[in-house]
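Letters A, B, ... are given to chains in the order of the sequence lines, protein chains preceding strands, and every chain is numbered from 1.
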Amino acid sequence: MPELPEVETMCRGLRPIVGCRIEKVIRPKISVKPIRFQPEAERFCRELTGQRVDRIERRGKRVIVVLENGYVVFQPKMTGLVSLTDPPDPDHIRMKWLLGAVEKESEHQVSSGSIEVFFWDRRGLGTLSFWTAEQLEQHLGEGKLGPDALSISVDQMCERFRKTQRAVKVALLDQKLLAGVGNLYASEILHRIEVDPRTPCHRLKVVQWERLHQAMRDILEEAIRYEGSTLSDGTYRNALNQSGGYQNHHQVYDREGEVCRKCGKASIERIVQAQRATFFCPTCQRRAGKRG
DNA sequence: CATATGTCCTGAGAGC
DNA sequence: TGCTCTCAGGACATAT
């Protein structure tokens, strides 16, 4: 499930294509249902062909390839992957680019010859869009997508979260409030600051939002250094087709019944919030007011 | 407006 | 061995 660190890793892996021209856009024939393209697939491919890649950006959990004339937005959702090497299997390649060599001198210059970019998605919930600058803001601008988790300030966070009565774990997943945190990292963040995931946002104090903000940054940055988390399904890989490393550092996610690494006593519990699994330590993350 | 639920999609794994 | 069933969860659509 690519969240901010995994998507950031994909973006970094794409840097070698900056300056290259998209010579061919291919949609391999596959037996599974096609993913959603916007505009529809044939026009999408036509629009991209011949364009030069200017830069790579990320907004929350989306990869944005900025072309000389338009923006390609890839939403990996659950199992999507962008890579420069062979993806996990050939049966779920949703799109492929053949790139020409770079035109100008650049710090990311690659040797001549062809580069391939693979858009792969096993479950096919992901989407690919090609938008103008105006459409990009329409779809991903303020009001649609909250501030990115790595650039939001503490004050912004307090302001956006303190109004809601929803459980803090559930609110962290709301991309309109905050972009980039998903189910895995939300549990990890709350464990680090020892807050019960069921606590309503409006009950958290300013100092706790400060801790949450700091822990969020720390954990996301650590995870980026490890190039994300590859879960047991093995789906997620970095651009060079290697597993991430952060799964070995998870404190609670997918550790139901195992001993908490912080207190060394309690075993990690799994509950369901808003139809999603939440993992936490019942000892370290006691509800406020019940401590002692 | 705020919040909750249903839907999309495939493959892995459980259970019989 | 092979079948059926459940589950994983991001983002959007629809309902309350």
query = Does the separation of the ring centres of A/Y71 and A/F130 fall below 6.0 angstrom?
reply =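 Ring centres of A/F130 and A/Y71 not closer than 6.0 Å.
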task = Verify whether the ring centers belonging to A/F118 and A/W97 lie closer than 6.0 Å.
result =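 No, the ring centres sit 6.0 Å or more apart.
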message = Assess whether a salt bridge exists between A/E227 and A/R12, defined as any Lys/Arg side-chain N lying under 4.0 Å from an Asp/Glu carboxylate O.
response =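 The answer is no: the pair does not qualify as a salt bridge.
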Ion pair check, A/R43 and A/E47, cut-off under 4.0 Å =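 Yes, this pair counts.
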Which nucleotide in the set [options] lies at the smallest distance from any side-chain heavy atom of [X]?
{"X": "A/H92", "options": "B/dG11, C/dC12, C/dG9", "answer": "B/dG11"}
{"X": "A/K61", "options": "B/dT3, C/dC12, C/dG10", "answer": "C/dG10"}
{"X": "A/R122", "options": "B/dG11, B/dC8, C/dA11", "answer": "B/dG11"}
{"X": "A/M78", "options": "C/dG10, B/dC8, B/dG6", "answer": "C/dG10"}
{"X": "A/E3", "options": "C/dC12, B/dA4, C/dG10", "answer": "C/dG10"}
{"X": "A/N183", "options": "B/dG11, B/dC9, C/dG10", "answer": "C/dG10"}

Please determine if a side-chain N or O atom of [X] lies less than 4.0 Å away from the OP1 or OP2 oxygen of [N].
{"X": "A/R276", "N": "C/dG9", "result": "no"}
{"X": "A/K77", "N": "C/dG9", "result": "no"}
{"X": "A/Q273", "N": "B/dA4", "result": "no"}
{"X": "A/Y253", "N": "C/dG9", "result": "yes"}
{"X": "A/H139", "N": "C/dC12", "result": "no"}
{"X": "A/T164", "N": "B/dT3", "result": "yes"}

ask   = Contact class for A/R166 vs. all strands (heavy atom < 4.0 Å): base, sugar-phosphate, or nothing?
value =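 If one applies the 4.0 Å heavy-atom cut-off, A/R166 turns out to touch the sugar-phosphate alone, with no base involved.
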ask   = A/K163 near the nucleic acid: base, sugar-phosphate alone, or nothing, with a heavy-atom cut-off under 4.0 Å?
value =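 Here A/K163 touches no strand at all.
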Once you round it to whole Å, what is the distance between [atom2] of [N] and [atom1] of [X]?
{"X": "A/Q38", "N": "C/dA11", "atom1": "CD", "atom2": "P", "result": "15 Å"}
{"X": "A/K33", "N": "B/dC8", "atom1": "NZ", "atom2": "P", "result": "8 Å"}
{"X": "A/Q138", "N": "C/dC12", "atom1": "CD", "atom2": "P", "result": "14 Å"}
{"X": "A/L173", "N": "C/dA11", "atom1": "CG", "atom2": "C1'", "result": "12 Å"}
{"X": "A/Q275", "N": "C/dA11", "atom1": "CD", "atom2": "P", "result": "16 Å"}
{"X": "A/I93", "N": "B/dT10", "atom1": "CD1", "atom2": "P", "result": "16 Å"}
{"X": "A/F37", "N": "B/dC8", "atom1": "CZ", "atom2": "C1'", "result": "16 Å"}
{"X": "A/R123", "N": "C/dG10", "atom1": "CZ", "atom2": "C1'", "result": "9 Å"}

request  = Report the residue from A/R36, A/K77, A/Q75, A/R94 that forms a side chain to side chain donor-acceptor pair (under 3.5 Å) with A/T127.
outcome  =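 Going through A/R36, A/K77, A/Q75, A/R94 one by one, the side chain to side chain donor-acceptor pair (under 3.5 Å) with A/T127 is satisfied by A/Q75 alone.
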ask   = In a check of side chain to side chain donor-acceptor pair (under 3.5 Å) between A/S229 and each of A/H250, A/E3, A/E188, which one passes?
value =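 When A/H250, A/E3, A/E188 are each tested with A/S229, the side chain to side chain donor-acceptor pair (under 3.5 Å) holds only for A/H250.
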task = Pick the P atom in B/dT3 and in C/dG9, then give their distance to the nearest Å.
result =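 That atom pair is separated by 23 Å.
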message = Taking B/dG13 as the reference, what is the distance to C/dG10 when you measure between their C1' atoms (whole Å, please)?
response =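 Rounded to whole Å, the distance is 22 Å.
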message = On DNA chain C, compare the nucleotides closest to A/A277 and A/L140; which residue's is nearer the 5' end?
response =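 Its nearest nucleotide being more 5', the pick is A/A277.
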